[in-house]
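Presented below is the structure to which this report refers.
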Number of protein chains: 2
Amino acid sequence: MKPKATAGAAATEDDAPRPLDHGALDEVLGYQLSLADVPSKRLYFKHIGTPFRLRPVEYSLLVLVLSNGNDVTQKQLGQALSLPAPNLTILLDKLAERGLIARERSDVDRRVQHVRLTASGTRLAREAHACVPAMEREWSGLLSAQEKALLARLLRKMAGRS
Amino acid sequence: MKPKATAGAAATEDDAPRPLDHGALDEVLGYQLSLADVPSKRLYFKHIGTPFRLRPVEYSLLVLVLSNGNDVTQKQLGQALSLPAPNLTILLDKLAERGLIARERSDVDRRVQHVRLTASGTRLAREAHACVPAMEREWSGLLSAQEKALLARLLRKMAGRS
DNA sequence: TATTGTTATACTCTATAACTATA
DNA sequence: TATAGTTATAGAGTATAACAATA
């Protein structure tokens with residue numbers, strides 16, 4: 001049946017017509033970034049997102065608070081993840097409803113909200129983060145450990161930190 | 001005034017409180033990918049998105065059609081960019097309204113829609129793509145040409161093509 | 001007067017289900 | 001019965017403006 005497959009289309013997986021030539025886009029860094037995001041998200045949801053009911057940004061928030069010793073303000077979180085303040089407010093509201101984080105007004109500056117993990121938030125963040133090695137290992141079919149480390153380093157430079 | 005800045009916060013740019021430690025997330029590839037996406041999108045909109053009124057996905061569609069000799073079906077485009085069919089339909093409707101692309105039913109299989117660039121679509125795609133070198137050059141403050149090429153190659157492997 | 005955070009709201013993006021027409 | 005594409009629609013993500021409290 002299959003359409004006919006002009007070239008020697010090797011049935012990539014499911015069905016699949018002839019795959020396109022990405023040609024002119026192959027050197028556009030942002031394009032490669034977008035394409036790489038697809039399998040990355042897929043692995044994330046498999047290992048962390050679905051089991052722990054955490055969206056990528058929620059996971060990032062929890063681990064950022066954890067990594068900074070529960071001494072973090074909303075302003076800092078917003079800047080670290082490039083989140084507009086209103087979105088962050090909603091995100092933190094949801095995490096607070098689930099009992100994962102709590103907010104405390106600063107004593108030295110009453111405008112500032114400190115964010116800290118609750119006991120169960122700390123537990124969840126640790127458990128979720130413990131799944132990272134298994135997730136990262138799944139790249140091994142495509143990238144060696146050295147390539148992965150190199151890639152992480154280059155992406156860090158790209159984002160201007162390093 | 002400034003909150004106080006525990007460490008030697010070097011006033012990154014505008015204001016900026018003490019930047020957070022990304023600590024535990026530094027080895028999570030998907031996290032680095034998300035962070036790198038921010039400056040990447042910023043440069044894209046500066047050089048291509050805003051001047052040509054093209055969203056990233058629209059630009060990708062036009063250049064993909066161009067790179068494949070106007071011989072492309074919607075199915076192929078959807079798979080190349082991981083776009084659900086209904087979204088692709090809407091995207092192509094908009095590009096067709098702007099007179100950039102046209103659809104033609106296949107003669108051998110009347111279900112299939114071929115997508116081709118109109119004359120003005122071809123022109124726009126070429127003009128937009130001609131801005132890529134200037135855009136890519138802006139990474140030079142952060143990455144060398146070698147690092148960029150290496151990064152592109154690693155991202156391609158990550159996406160399973162290469 | 002400027003800043004942190006909140007509220008309200010609108011806009012876009014993405015995903016799913018149901019449908020048409022072809023095969 | 002299966003596939004390419006469309007329509008309709010709902011849900012999630014993102015951005016902006018106006019406001020409250022504090023500095």
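Reminder, nothing fancy here: chain letters follow the sequence lines and each chain counts from 1. Model, not experiment: these values are computed from the prediction.
Checked against ring pair (Phe, Tyr, Trp, His ring centres under 6.0 Å), H114(B) has no partners two or more places apart in sequence or in another chain.
Q76(A) has no side-chain polar atom (N or O) that falls below the 4.0 Å cut-off from OP1 or OP2 of dT4(C).
Put simply, CD on Q79(A) is 10 Å from P on dG5(C), counting in whole angstrom units. Between the CG atom of D93(B) and the C1' atom of dT6(D) there is a distance of 9 Å, given to the nearest Å. The interatomic distance linking D37(A) (CG) with dG13(D) (P) rounds to 14 Å, in whole Å. A straight line from CZ of R105(B) to P of dT6(D) spans 6 Å, rounded to a whole angstrom. Between the P atom of dC13(C) and the CG atom of L54(B) lies a distance of 13 Å, rounded to the nearest Å. Atom NZ of K94(A) and atom P of dA12(D) are 8 Å apart (whole Å). Atom P of nucleotide dT7(C) and atom CD of Q74(A) are separated by 11 Å, given to the nearest angstrom. At whole-Å resolution of the value, CZ in R103(B) and C1' in dT6(D) are 9 Å apart.
For the contact set between residues 42-51 of chain A and DNA chain D, defined by any heavy atom under 4.0 Å, there are no members. Listed by residue number, the members of residues 81-91 of chain B with any heavy atom below 4.0 angstrom from DNA chain D are A85(B), P86(B), T89(B).
More than 12 non-hydrogen atoms from other residues, nucleotides or ligands lie less than 6.0 angstrom from CZ of R161(B).
Here E138(A) pairs with K46(A) in a salt bridge; the nearest charged N to carboxylate O distance falls below 4.0 Å. Between R18(A) and D71(B) there is a salt bridge, since a side-chain N of the basic residue sits under 4.0 Å from a carboxylate O of the acidic one. Salt bridge status for R98(B) with D93(B): absent, with no side-chain N to carboxylate O gap under 4.0 Å.
Side-chain atoms of K75(B) lie closest to dA4(D) of the nucleotides dG5(C), dA2(C), dA4(D). Set against dA4(D), dA23(C), dG5(C), the side chain of V112(A) has dG5(C) as its closest nucleotide. Of the candidate nucleotides dA23(C), dT3(C), dG13(D), dG13(D) has the atom nearest to the side chain of R55(A). Residue R110(A) has its side chain nearest to dA23(D) when only dG5(D), dA12(D), dA23(D) are considered.
Under the 4.5 Å side-chain contact rule for hydrophobic residues, I90(A) and V57(A) do not share a cluster.
With values rounded to the nearest 0.5 angstrom, E127(A) atom CD is found 7.0 Å from R123(A) atom CZ. Interatomic distance, CZ of F52(B) versus CG of L100(B), reported as 12.0 Å (0.5 Å rounding).
Here the side chains of L29(B) and M158(B) are in contact, with some heavy-atom distance below 4.5 Å.
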